[in-house]
Structures are given as structure tokens and as C-alpha cells.
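See below for the structure under consideration.
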Number of protein chains: 2
Amino acid sequence: MTTVLVVEDDRAVLRGITESLELEHFEVAQAEDGITALEMAQETRYDIIILDLLLPGKTGEDVCRELRGSGNDTPILILSNKQEEFDKVLGLELGADDYMTKPFGTRELLARIRAILRRGGALTPDLVEYSFGEVWINFKKQEVTRSGEPLKLTAKEFEVMRYFIEHEGEVVSRKQLLDEVWGYETFPTTRTVDNFILSLRKKIEGDPSNPRHITTAHSVGYKFIK
Amino acid sequence: MTTVLVVEDDRAVLRGITESLELEHFEVAQAEDGITALEMAQETRYDIIILDLLLPGKTGEDVCRELRGSGNDTPILILSNKQEEFDKVLGLELGADDYMTKPFGTRELLARIRAILRRGGALTPDLVEYSFGEVWINFKKQEVTRSGEPLKLTAKEFEVMRYFIEHEGEVVSRKQLLDEVWGYETFPTTRTVDNFILSLRKKIEGDPSNPRHITTAHSVGYKFIK
DNA sequence: ACTCTTTTGACATGGTCATGACAATCGCGG
DNA sequence: CCGCGATTGTCATGACCATGTCAAAAGAGT
């Protein structure tokens, strides 16, 4: 079981991240301030630490530096609100392994976590190619064909598609999609999701009005079937 | 699969190098101090070792000398912060195969790694000549022609082109280009990339406003197609 | 100092996405 | 089996954001 320490003072974000990680079967520990985080990290060995920069008590910067100073080399993924913040920190040779600027979708967060963990050891590689029915998708090349015919997806459509594929056979709610693909701090209406479904169906389904792959789970969400 | 051992105590640099190498499909092992590095090198046979001179525990100099002393002839590429440092070391007949002074771009690092490996025998030769559509490029001679007509690319344009060619068919993000071609310690705005795309298109595309080879992947990056 | 290259900034343009209206469909209870 | 409310399908619209493009500033090399 992979253990993750999430350090984040914004409860909403903390909860969101935790839920997403638990959904992916990570074991999650939480800290809401720098001092607690340090204590926890020194006591327990986590596989990775997700660390917000802006924290009460001690900043994430402090936490990071003190951990490294005490010889702790747990991989750290920094969350910051602005690009510039991290640039500054990077200049200070903080010793973090990666960083993300808010807002971010959970998909990206998970991808980065997996990338970091993969560096340290063994973990499954990223999804590059996938096919179902008459459709072929190559995420690396951002190319899609249906029955051999190339078709165009937008960046976000690729992301939604990827999410569906990674959760093949599961019912995913609109909220889940919004959180995971769009990110916590953006609040489009659920109508937006429907529209992406619509446009995806038009593109990948043979008969868009009788979808076979992206099916509706009424009053719950959608389900992708290979 | 080519294996590389990177020995570097600055995490940011270590991470940068690791990512670049992994992006180029090398298998990367990491060490952050001289002692660990020695152990790893004696236990496993790597195709090449990237070795920072300034290390905690044992200096890169020590590591290099001890390896050679014990009969290990794995190619070594030295990284040093200053020209003088290496000059000193070179006088000591250290037995390294090449060296670079920081800061350096990833392109240069990769070029040197490939050069060293090629000497040893195993690795595809460098990209010397390449053609697509009406365009011929000779990287060694730094010459380009389109429909037989010679045209001039700047040094950086050559590098961007080379990166595109080496990643033909893949979508590459602006960030990726900045990291890989410009090097991880420079932070030009992303506008810079666009302008290089613009100027490359003007030069190599028959109809620059309808690019066939350097295509746009909206909100993601660009893609080179042969 | 001059020239060529690279970077930056400004503006125009086009694509993408979010929203709301309305129609169609579903599920549930009668 | 029918009807009603709730949910989803569908489309048109406008705002916004990413990119195309150019010009000028900054930097590098000679």
C-alpha cells in the first residue's frame, strides 16, 4: 500500500485530494499545518508528501528544507498558487521533486505522483495507447481514429476520455469528473460535462444517439464501456 | 535499454537530468552522495555515469579514482561548477571520459552522453541527416534546403528542429521544449517558443500559414509530422 | 559599434469552453 | 399503463483563452 502525506490548510482542497487519492487506493494521512506535518514526517515514513507552500505555522518551504536538512529524502510534491512562488523556491534549492500550480485536476496530480514514485522504483507506466470498438487513441501523439478515419479531439476531451478509460466499467459522477479533470478551484456547471459527453459521443460513437461506449447512468453519471 | 547512473547532490539538478534522460528513454539510477554512488557502480554495471564533482561524503574526484583503481572502466561524464575545478582534476589524470561545466542545456548533455556511448560502440549514431517533404537537413554541416534552395537556420532553430525530429509524431509541450532545448535553468516566456515555431514555419513550410509539418496541438503544444 | 540572434510585449484572430434555453427521455408513483 | 417531475440530450451563443503575428528591445558575437 502506498502511503501519502497531504499537507494543506484549505480544508476543501485537503478533502478533495484525500478523496481522490483514496479512490485510487492510496493510504492518505493529513496535516493542516507545517509543524504537524514535520512531526508526522519525522515519525512515519511516507512514500510521498504532497506539500502546500502556503501554510500556517511553518511554510511549506520551511518544512521542505528542514526535512531535507535532517536527512529525510521522502519525495516531495509542492503545491503552489503561482508559478512565481515556486520559481523563487526553486532558486533556494529547496529539494522538492516536483511541483504543481493551482488550480489542477486530480488527473494531473495523480500523474505526477505516479511519475515521482516510478522514478524511485517500480510502478506501472502511463497510458499511451488504447483501443475500444472501432476507436484507437494514442495519448502521446494525441491522435484518434474511428474505423481508420482520423478525428480531432480537443485537449480537454482527451483528458475526459483518459479519465473514462482509466475507470472503465465504473460509473463516474459529474462531480467526480469536474473534480478530477477540471480541478477543485474551478466550478463549471454540470451542464458542461454533459456537453463534453455529447461531443465525445458524436466523435467516437458509431451511432451517437445510441451510445455503446459512453453510457448514461441515469441520475448518477456516466459509464465508459470498452 | 541504456542505463545511466546520475550522481548529483542538488536535487533540482538531479531531477532535471533524470527527467530529460527518461524522456529520451534511458533507464536512470540516482545517487546523491559519493559513497552510495561507489556502491551502486560496483554492484551494477551502468552504461555511463554522470558524476558531479562536488558531493557530500566522497567527492566526484574520489569516486572516479576509486572506480578506475578497482578496474571499473564504465564511461564517466564529469559535471563541475567551474572550469577551474575540472582543470585541476584533469591534471590528476582522473580517467573521466568527458566533462561539462554548469550550467548546461539538456541538449548538450544528451549530445555528450551519446558521443561517449558511441565511442564505446553501442548506440545509434547521432542524427546527421534528415529529410521530410521538400526539406533536407544536415545537422553536421548545419545546412538546410527546401526544394533544392538553400536556407538559413539559426543555431537554436536547428536545435528545436532536431528535438522535433527526434520526437516525430509526438505532441510536445512548450514546457517540454523549454526544458529540453533551452535547458532547465533558463525560463524564457512561452511566447519565445511560439516565435521559433513561427520562424521555422516560415522557413520550412511551403505555406507557412497552413503548416503541414509543424502542427499546433491547441492548449497542449506542437507536433512535428514528417 | 555593427549585425545577427533571441526574447519580450502588444495586438489580432480563431478555437475552445461555459452557459442557458428548450426538447427529449427516464423513472417513479398513481 | 399513464402522467408528471426530474434528469439528460442537444444546440446556439458569447466570453475567454491560446495562438499567430509583427515589431521593437535586449543580448551575443564579431
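The chains referred to below are lettered A, B, ... by the order of the sequence lines, with proteins before strands, and numbering in each begins at 1.
- Contacts of B:T192 with the nucleic acid, taken as non-hydrogen atoms under 4.0 Å apart, include base atoms.
- Within the nucleic acid shown, B:V193 has no heavy atom closer than 4.0 Å to any nucleic acid atom.
- Using a 4.0 Å cut-off between a side-chain N of Lys or Arg and a carboxylate O of Asp or Glu, A:E24 and A:R114 qualify as a salt bridge.
- Residue-level contact check: A:K152 touches neither bases nor backbone, having no heavy atom under 4.0 Å from any strand.
- Of the candidate nucleotides D:dG9, D:dC22, C:dC17, D:dC22 has the atom nearest to the side chain of B:N195.
- Picking from D:dC11, D:dT19, C:dC17 the nucleotide with the shortest atom distance to the side chain of A:T154 gives C:dC17.
- At a threshold of 4.0 angstrom between heavy atoms, the contacts of A:S219 are confined to the sugar-phosphate backbone, with no base atom among them.
- Among the atoms of the strands shown, only primed sugar atoms or phosphate atoms (P, OP1, OP2) are found under 4.0 Å from some heavy atom of B:S209.
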Problem set entry | Working for salt bridge (charged side-chain N to carboxylate O under 4.0 Å, His left out), residues B:D194 and B:R174 | CA-CA 8 Å; B:D194 297 349; B:R174 289 178 179 67; 2.8 Å; yes
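- Nearest-nucleotide mapping onto DNA chain C: of B:K156 and B:H218, the residue sitting toward the 5' end is B:K156.
- No side-chain donor-acceptor contact under 3.5 Å links A:E159 to the backbone of A:K156.
- Distance CZ (A:R201) to C1' (C:dT25): 12 Å, rounded to an integer number of Å.
- Side-chain nitrogen and oxygen atoms of A:Y222 include none within less than 4.0 Å of the OP1 or OP2 phosphate oxygen of D:dT7.
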For this session: Show your reasoning for whether salt bridge (charged side-chain N to carboxylate O under 4.0 Å, His left out) applies to B:E168 and B:K223.
Result: CA-CA 7 Å; B:E168 194 255 306; B:K223 180 161 70 170; over 6 Å; no
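- If you check D:dG20, D:dC22, C:dT7 against the side chain of B:R191, the one that comes closest is D:dG20.
- Taking atom CG of residue B:L178 and atom P of nucleotide C:dT6, one finds them 14 Å apart after rounding to whole Å.
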